[in-house]
Amino acid sequence: MSRNLHHANLLVGTSEEAEAYLHSLCHGLGVELPNNPDFFSFKMETFGIDEARELRLLSVRKAVSGRKFFFITPGRLTLEAQNALLKTFEDPFPLTFFFLVVREEGLIVPTLRSRMQTIHVRYGDSTSVSVEAEKFLLLPIKERLLFAKKFAEEEKSLP
């Protein structure tokens, strides 16, 4: 299932919206984040070079449950930290997934942004539909087909 999930994700929105998105996404993958030894949250005012190095060290350790998730929600992300994250995101440890949260895409240098999948998680507008679409795409093909069949049947019964 995680083969559909990009290893480095840029979540654009508030930290609350991004956290809700991540919990929903992981729940769809059968992964519960509370008390998960392979879930690491970096919530801080400034994410600097030291934090980027700590994240790199944690990311190369073997996962207890098979997959590791890193949720990074800085108030500010230094240029030095972004440059350090380049190597981590270029050459990720298998089954390791990063979610970096920012309010605006432009806050991330283009070289780092180019190594990430950008997902807009603002719920007040049409981008919330992308959350549902993402969950649908993460379903196994059989479940997607069953959903489509049910949807088509419901459409036929509408006046």
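Counting from 1, the numbers follow the sequence of the chain as shown. Please read all numbers here as calculations on a predicted model, not as lab measurements.
A 4.5 Å side-chain heavy-atom check between N9 and L100 finds every atom pair outside the cut-off. Between V12 and E104 there is no side-chain heavy-atom pair separated by less than 4.5 Å. You'll find the side chain of F71 reaches within 4.5 Å of the side chain of F39, heavy atoms only.
Applying the ring-ring contact (aromatic ring centres under 6.0 Å, His included) definition to pairs two or more places apart or across chains, those involving residues 43-69 are F42-F47, F69-F97.
T96 and S59 make their closest contact through OG1-O, 3.8 Å (heavy atoms, listed as atom of the first residue, atom of the second, distance).
In terms of the salt bridge (Lys or Arg N to Asp or Glu O under 4.0 Å) criterion, R113 has no residue partners (sequence neighbours excluded). Partners of E19 under the salt bridge (Lys or Arg N to Asp or Glu O under 4.0 Å) rule, at least two apart in sequence or in another chain, are K43. Residues passing the salt bridge (Lys or Arg N to Asp or Glu O under 4.0 Å) test with E32: none are found, sequence neighbours excluded. Qualifying salt bridge (Lys or Arg N to Asp or Glu O under 4.0 Å) partners for E45, counting only residues two or more places apart in sequence or in other chains: none.
Partner Q82 forms a side-chain contact (heavy atoms from CB on, under 4.5 Å) with one of V109, I49, L107, T111 and no other, that one being V109.
Applying the under-4.5 Å side-chain rule to Ile, Leu, Val, Met, Phe, Trp and Tyr, the cluster around L57 consists of that residue alone.
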Could you give me the CA-CA distance, side-chain angles and deciding distance for E105 and H120, then say whether side-chain hydrogen bond (donor to acceptor under 3.5 Å, both in side chains) is met? CA-CA 9 Å; E105 284 180 64; H120 294 266; 2.9 Å; yes

